[in-house]
Participant: 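To start, I am sharing the structure in question, which I have written as structure tokens.
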Amino acid sequence: MEMRKFLLALLALVLYSLILNNGAVEASHKKYMNLQSVRAVNVNHLHRTGFHFQPKKHWINDPNGPMFYKGLYHLFYQYNPKGAVWGNIVWAHSISTDMINWKKLEPAIYPSKPFDKFGCWSGSVTILPGNRPIILYTGIIDPNNTQVQNYAVPANPSDPYLREWIKPDNNPLVVAVVDVNKTAFRDPTTAWWGRDGHWRMLVGGKRKHRGIAYLYRSRDFMKWTKSQHPIHTSANTGMWECPDFYPVSLQGENGLDTSVIEKNSKHVLKVSLDVTRFDYYTLGTYYPDKDRYVPDNTTVDGWSGLRYDYGNFYASKTFFDSGKNRRILWGWANESDTTADDVAKGWAGIQTIPRKVWLDTNGKQLVQWPIEELETLRGQKVGLSNQKLNMGDHVEIKGITAAQADVVVTFSLSSLDKAEPFDPSWHNAQDLCSQKGSTIQGGVGPFGLLTLASEKLEEYTPVFFRVFKAQDKHVVLMCSDATSSSFKKGLYKPSFAGFVNVDLSDKKLSLRSLIDHSVVESYGAGGKTCITSRVYPTLAVFNKAHLYAFNNGSEPVTIDNLNAWSMNNPVMNK
Ligand code: DQQ
């Protein structure tokens with residue numbers, strides 16, 4: 001019966017997809033009512049990841065309430081326990097000692113009360129004085145998607161696993177007042193504590209097309225008052241989902257507790273723009289007396305602003321890891337295949353590798369790097385050095401599992417003289433990358449890696465740089481291009497790209513790519529520009545996947561140093 005229901009639903013969806021040519025990633029959580037509770041009969045392993053966070057089956061989206069508590073890392077996440085499409089959302093819960101190996105626990109929060117009967121959506125954890133964690137999350141209270149902000153506390157704080165959570169009856173803590181759009185009012189942040197004895201937290205929203213981060217204050221965490229002014233808004237940016245607000249130190253790579261407000265720091269405001277499905281951030285100054293945030297004039301406050309990741313990465317959230325004094329960033333990488341594919345494979349969505357995040361020495365952007373714990377999964381290693389790549393060369397990196405690998409490479413450029421001229425009208429990196437792909441000959445670049453490549457290069461996902469010469473500086477473009485990644489029909493195959501603000505005086509560019517079957521997560525120039533692509537090769541799978549380094553620019557490029565490791569599987573939500 002289950003199987004019949006599954007096959008009928010799948011057939012209906014395939015027909016629906018064909019009729020609507022519904023291949024691309026959707027702009028919001030699309031509701032497929034008929035599929036929300038179609039349980040996976042089998043889980044297809046062809047494109048499942050080896051070392052990225054994912055549950056055994058079904059749909060996942062936003063990371064929620066990450067924290068470090070009594071020696072353990074906790075990750076909650078939006079999860080559909082009944083199917084591989086968005087719906088029936090609960091806060092699933094996993095714990096870890098290293099953020100790499102994960103143990104699955106029972107869901108922490110699920111719809112059960114009048115204040116969350118129609119959904120338990122995203123939110124955050126705050127650790128109150130006395131080491132008392134408290135969850136703030138969005139509850140959906142009716143079928144019209146009316147949103148309120150609720151809280152939950154551990155039933156037994158002495159249990160380091162925090163298995164059970166209570167949603168007290170004085171919920172909801174916050175409801176939308178008259179001038180607030182109650183169906184665009186969600187995703188409370190971690191709260192911070194001000195010297196005036198008030199807690200503050202933000203809730204994402206919009207008014208017409210203006211994105212808003214509402215600010216709430218409370219003395220006791222129970223009675224919250226909306227401040228007259230939002231902490232920040234921006235015209236024509238649409239709904240601000242999953243805001244995140246935190247300090248970063250002006251010096252060094254250590255993180256700061258969310259409540260730290262000091263001279264030696266700046267603040268980051270990140271918003272997830274529902275319209276574009278990218279996570280944008282600004283750096284700026286937080287004025288606690290006025291409760292206003294003013295972005296620096298070096299960062300663009302809108303769609304052309306800085307992104308954590310120029311690829312498939314959304315609804316992210318950071319937390320302060322007091323164990324190692326660092327700030328950690330979690331982000332969700334949705335699928336780029338069709339909903340029919342997701343139902344057929346029985347799962348959808350992964351979390352990217354947790355990243356340490358800190359302020360660049362130039363003070364104008366953040367830097368991200370996979371947490372050091374990931375390196376414990378490194379197995380078989382191969383290395384290369386001083387390898388010259390002339391135009392048209394591609395060199396295979398043999399001896400590792402190219403479908404599941406960690407690759408770190410530094411390229412050296414003999415000269416920048418041949419860099420192509422940069423047209424100042426090229427604002428959109430992704431458009432530029434789709435015009436000037438990895439096979440279009442250039443001056444300095446394109447050069448980089450061909451990941452998840454089939455032997456004869458019928459399929460490959462290139463991650464590469466191209467250097468241009470603008471009026472008074474060089475412009476570096478980084479691309480992660482899914483165009484030739486797969487023969488499969490109906491996939492979303494974007495030429496994701498971002499510019500890299502890097503000093504080329506030493507004529508070196510580095511790249512790290514984490515390759516994991518259906519994801520290529522790349523860090524350019526030591527983590528200044530990051531791009532995640534989801535791809536679904538048909539030939540370049542398991543031991544038929546290959547890895548190459550290449551150069552298609554007329555200027556020769558040298559691989560100074562390349563190290564690549566096969567990656568082992570961690571314990572993942574068993
Ligand atoms: N996902 C959640 C919302 C949030 C959105 C619902 C972002 O709370 O705004 O699953 O992906």
Side-chain angles (χ1 to χ4, degrees), residues 25-33 36 55 58-66 75-93 107-111 115-125 135-141 143-152 172 174 176 180-190 201-206 211-214 237-244 270-280 307-309 312-318 329-335 342 348-352 532 534:
V25 157
E26 296 297 339
S28 57
H29 304 311
K30 190 139 191 181
K31 285 190 188 160
Y32 296 93
M33 298 311 259
Q36 281 187 352
H58 294 153
W59 165 274
I60 79 169
N61 55 289
D62 318 356
N64 291 154
L75 180 68
F76 307 89
Y77 57 97
Q78 299 273 286
Y79 178 60
N80 181 355
K82 297 184 185 163
V85 304
W86 186 86
N88 307 306
I89 292 293
V90 303
W91 275 48
H93 185 190
I109 311 181
Y110 42 87
F115 50 80
D116 66 7
K117 205 168 143 194
F118 291 85
C120 294
W121 288 12
S122 286
S124 311
V125 162
I135 286 174
L136 291 172
Y137 72 101
T138 297
I140 308 297
I141 59 168
N144 306 323
N145 262 347
T146 300
Q147 295 155 22
V148 299
Q149 315 315 322
N150 300 322
Y151 79 107
V174 178
V180 170
N181 178 346
K182 61 185 179 187
T183 60
F185 181 59
R186 56 181 179 270
D187 309 336
T189 61
T190 295
M201 60 121 168
L202 305 179
V203 179
K206 70 167 176 183
I212 303 179
Y214 293 108
T237 49
M239 175 66 195
W240 283 6
E241 296 188 313
C242 303
D244 196 14
K270 183 279 299 188
V271 293
S272 303
L273 295 191
D274 191 23
V275 182
T276 59
R277 306 300 276 179
F278 291 116
D279 278 14
Y280 297 80
R307 300 185 207 162
Y308 279 150
D309 190 302
N312 199 332
F313 182 96
Y314 193 65
S316 65
K317 193 169 293 291
T318 63
L329 169 68
W330 279 102
W332 162 49
N334 195 8
E335 300 304 308
D342 292 344
I350 58 169
Q351 307 293 354
T352 51
T532 300
R534 297 300 312 277

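All ligand and atom numbering here is 1-based and tracks the order in the structure. Residue numbers start at 1 and run along the sequence shown.
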Participant: Are the side chains of V174 and M201 in touch, meaning some heavy atoms are under 4.5 Å apart?
Facilitator: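 They are in side-chain contact.
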Participant: Can you tell me the protein heavy atom closest to atom 3 (C) of ligand 1 and the distance?
Facilitator: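 Nearest neighbour among protein heavy atoms for atom 3 (C) of ligand 1, to 0.1 Å: D187 OD1, 3.6 Å.
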Participant: So is there a nitrogen or oxygen of H29 less than 3.5 Å from a nitrogen or oxygen in ligand 1?
Facilitator: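 It does: an N or O of H29 is found under 3.5 Å from an N or O of ligand 1.
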Participant: Using a 4.0 Å cutoff against the non-hydrogen atoms of Y314, which atoms of ligand 1 qualify?
Facilitator: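 Near Y314, meaning under 4.0 Å from one of its heavy atoms, ligand 1 has 7 (C), 11 (O).
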Participant: Under 4.0 Å, heavy-atom basis, I'd like to know which part of N61 is in contact with ligand 1: side chain, backbone, both or neither.
Facilitator: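 The answer is the side chain of N61.
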Participant: Just wondering, do D244 and S316 contact through their side chains at under 4.5 Å, heavy atoms?
Facilitator: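 Contact flag for S316/D244 side chains = no.
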Participant: What is the closest protein heavy atom to atom 6 (C) of ligand 1, and at what distance does it sit?
Facilitator: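 The closest one turns out to be Q78 OE1, 3.2 Å.
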Participant: Nearest 0.5 Å, please: how far is NZ in K317 from CZ in F76?
Facilitator: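 Nearest 0.5 Å value for the CZ-NZ distance: 12.0 Å.
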Participant: For atom 11 (O) of ligand 1, which protein heavy atom lies nearest, and how many Å away is it?
Facilitator: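 Residue, atom and distance for the closest contact: D62 OD1, 2.8 Å.
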Participant: Show your working on side-chain hydrogen bond (donor to acceptor under 3.5 Å, both in side chains) between D279 and S272 and close with a plain yes or no.
Facilitator: CA-CA 4 Å; D279 278 14; S272 303; 2.8 Å; yes
Participant: Aromatic rings H29 and W86: how do their planes relate, parallel, tilted or perpendicular, breaks at 30° and 60°?
Facilitator: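 Rings of H29 and W86: parallel, under 30°.
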